[in-house]
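Here is the structure we will look at.
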Number of protein chains: 2
Amino acid sequence: MTRTLHTGRSFKDAIYQQFARIGKAVASPRRLELLDLLCQGPRTVESLAQETGQSVANTSQHLQVLRAARLLTAERAGLFVTYRLAGGDVSEFFRTFRRVAESHLADVNQVTRDFLDERGLMEPVDRQALVERVRCGEVTVLDVRPRSEYIAGHIPGAVSVPLPELKRRLAELPHRREIVAYCRGPFCVLAVEAVKMLRARGFKAVRLEDGVPDWRAQGFRVAAGENP
Amino acid sequence: MTRTLHTGRSFKDAIYQQFARIGKAVASPRRLELLDLLCQGPRTVESLAQETGQSVANTSQHLQVLRAARLLTAERAGLFVTYRLAGGDVSEFFRTFRRVAESHLADVNQVTRDFLDERGLMEPVDRQALVERVRCGEVTVLDVRPRSEYIAGHIPGAVSVPLPELKRRLAELPHRREIVAYCRGPFCVLAVEAVKMLRARGFKAVRLEDGVPDWRAQGFRVAAGENP
DNA sequence: TCAGTATTCAATAACTCAATTGAATACTAT
DNA sequence: ATAGTATTCAATTGAGTTATTGAATACTGA
């Protein structure tokens with residue numbers, strides 16, 4: 001009766017080996033960063049390399065690993081190759097992954113607190129109320145990510161002011177009305193920097209922790225294109 | 001202006017490195033199998049080693065990796081150490097992981113088809129209707145997993161008949177009424193084997209692809225303990 | 001065709017991981 | 001205490017992964 005000892009062993013081995021392709025793909029910090037960035041929208045190899053501070057060759061190789069695991073697709077357009085998520089469920093997967101890391105790894109919260117939790121920036125924002133207040137013009141929503149990410153998808157009504165431009169575009173912002181700044185998500189520094197700068201100059205600013213994928217996952221509408 | 005070139009680089013590195021702890025934990029087929037088994041309920045090291053066909057030492061080491069990533073907790077009781085999921089969200093994470101693998105890796109479906117999709121076993125079962133029919137006594141639900149997994153959690157009304165016992169307990173089963181067999185989930189062979197055996201003996205049997213975690217995730221009640 | 005640019009490939013060296021082995025530890029029951 | 005069992009540890013080996021480098025390829029526009 002060796003039967004029960006290896007019931008479908010070769011099948012199990014094959015299945016878990018396939019599953020591990022996904023696991024191996026998300027086992028490297030570099031690749032997780034690339035995946036996170038691609039959750040914001042499609043990008044070329046070079047722009048990803050620049051954003052992450054890696055060499056182009058290294059970035060290209062990591063992207064190929066992610067593509068081999070079918071988490072990304074690549075498309076050549078002229079000189080450039082654009083990578084994008086292979087589907088909406090990949091973005092959901094990344095969010096689940098991030099949530100597990102967040103809730104199980106105390107170190108994540110420690111690191112985050114050390115870097116981000118300054119000056120009471122962590123007040124939670126009521127999303128449903130925010131939608132209403134934007135519609136009434138009671139609040140200005142600021143998207144401080146690079147413009148290409150804004151175009152790929154943004155919170156309806158949000159104004160695009162990439163962080164590097166913020167300082168010289170302060171005149172465009174209302175001094176009385178509340179400003180809600182958001183960026184890529186809970187672990188992105190852009191909105192935190194923006195809020196710090198705005199507050200230092202007397203604006204009434206708070207941070208929304210959501211990124212666009214989080215906003216979408218909560219069932220809210222997402223706008224695409226150049227306009228708010 | 002080197003500022004923008006490495007905005008919060010050390011923070012990002014720290015965060016993604018933490019995320020990668022989870023990724024590395026699920027990068028090994030062996031560990032994924034252990035995680036899958038633990039989604040069915042707590043188990044000791046030795047029973048996991050036996051189930052997976054691995055040495056106890058190797059199993060113990062993999063379990064410790066999963067524990068270091070905070071996906072599992074361990075508790076000693078006498079001679080035995082019992083490992084269990086560190087939280088309900090780990091089970092949800094595994095389900096998401098599995099779904100991504102399933103929908104993006106064509107090979108997973110190929111392998112599954114080769115092993116499981118025989119004799120039209122793949123008809124889908126209507127879950128909501130199943131709940132009703134169980135209540136009315138129109139159908140018998142068979143849990144063919146090991147008894148300990150049944151006790152840890154099962155579909156309400158289901159009868160526990162572990163696959164190795166099925167052959168000699170056929171007399172307990174109704175010949176007219178439909179039998180729905182389930183096991184650990186869509187990639188488990190137990191229920192498939194059960195249905196094959198039952199059909200060969202003239203029973204009217206179908207397979208429910210869900211495992212208990214899937215059943216629970218769909219919002220259905222799960223029963224615990226010895227009784228249906 | 002040629003120069004120029006974005007991306008990929010191939011080879012390498014440093015590093016990390018997986019499975020095995022045998023020994024050590026933790027605990028129970030006698 | 002002692003024997004016996006479950007688990008963990010430590011050391012080893014071979015395999016796999018990462019980042020780097022320089023060259024090759026793919027494409028555009030003159």
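Below, chain A is the first sequence line, B the second, and so on; all start at residue 1.
- In terms of modelled atom types and a separation under 3.5 Å, the side chain of A:Tyr150 and the main chain of A:Ala158 share a donor-acceptor contact.
- Across all their heavy atoms, B:Val81 and B:Ala74 have their closest contact at CG1-CB, 3.9 Å.
- Under the 30°/60° scheme for interplanar angles, the aromatic rings of B:Phe19 and A:Phe94 are found to stand perpendicular.
- Rounded to an integer number of Å, the gap from CG of B:Asn58 to C1' of C:dC17 is 11 Å.
- Regarding A:Arg30, its CZ atom lies at a distance of 11 Å from the P atom of D:dT18, rounded to whole Å.
- Proximity of B:Arg31 to the phosphate of C:dC17: no side-chain N or O atom is located under 4.0 Å from OP1 or OP2.
- Checked by atom type and distance alone, the side chain of A:Gln64 pairs as donor or acceptor with a backbone atom of A:Ser60 at under 3.5 Å.
- Looking at heavy atoms from C-beta onward, B:Val189 lies out of side-chain contact with B:Leu163 at the 4.5 angstrom threshold.
- Near-neighbour residues of DNA chain C inside residues 39-47 of chain A, defined by a heavy atom below 4.0 Å, number-ordered: A:Thr44, A:Val45, A:Glu46.
- B:Ala25 and B:Val65 make their closest contact through CA-CG1, 4.4 Å (heavy atoms, listed as atom of the first residue, atom of the second, distance).
- Rounded to whole Å, the distance from CG on B:Leu34 to P on C:dA19 is 10 Å.
- Of the possible donor and acceptor atoms, none in the side chain of B:Arg67 sits under 3.5 Å from a partner among the backbone N and O of B:Ala86.
- Looking only at side-chain heavy atoms (C-beta outward), A:Tyr16 and B:Asp36 come within less than 4.5 Å of each other.
- For B:Gln17 and D:dA19, the CD to P distance is 11 Å, given to the nearest whole Å.
- We find that CD of B:Gln54 is positioned 18 Å from P of D:dA6, with the value rounded to whole Å.
- Put simply, CD on B:Gln50 is 15 Å from C1' on D:dT5, counting in whole angstrom units.
- In this structure, NZ of A:Lys24 is placed 15 Å from P of D:dA15, rounded to the nearest angstrom.
- Looking only at distances, no side-chain donor or acceptor of A:Arg207 sits under 3.5 Å from a matching main-chain atom of A:Lys196.
- At the heavy-atom level, A:Ala57 lies under 4.0 Å from base atoms of the strands shown.
- Proximity of residues 59-86 of chain B to DNA chain D (heavy atom under 4.0 angstrom from any strand atom) is restricted to B:Ser60, B:Gln61, B:Gln64, B:Leu79, B:Phe80, B:Val81, B:Tyr83.
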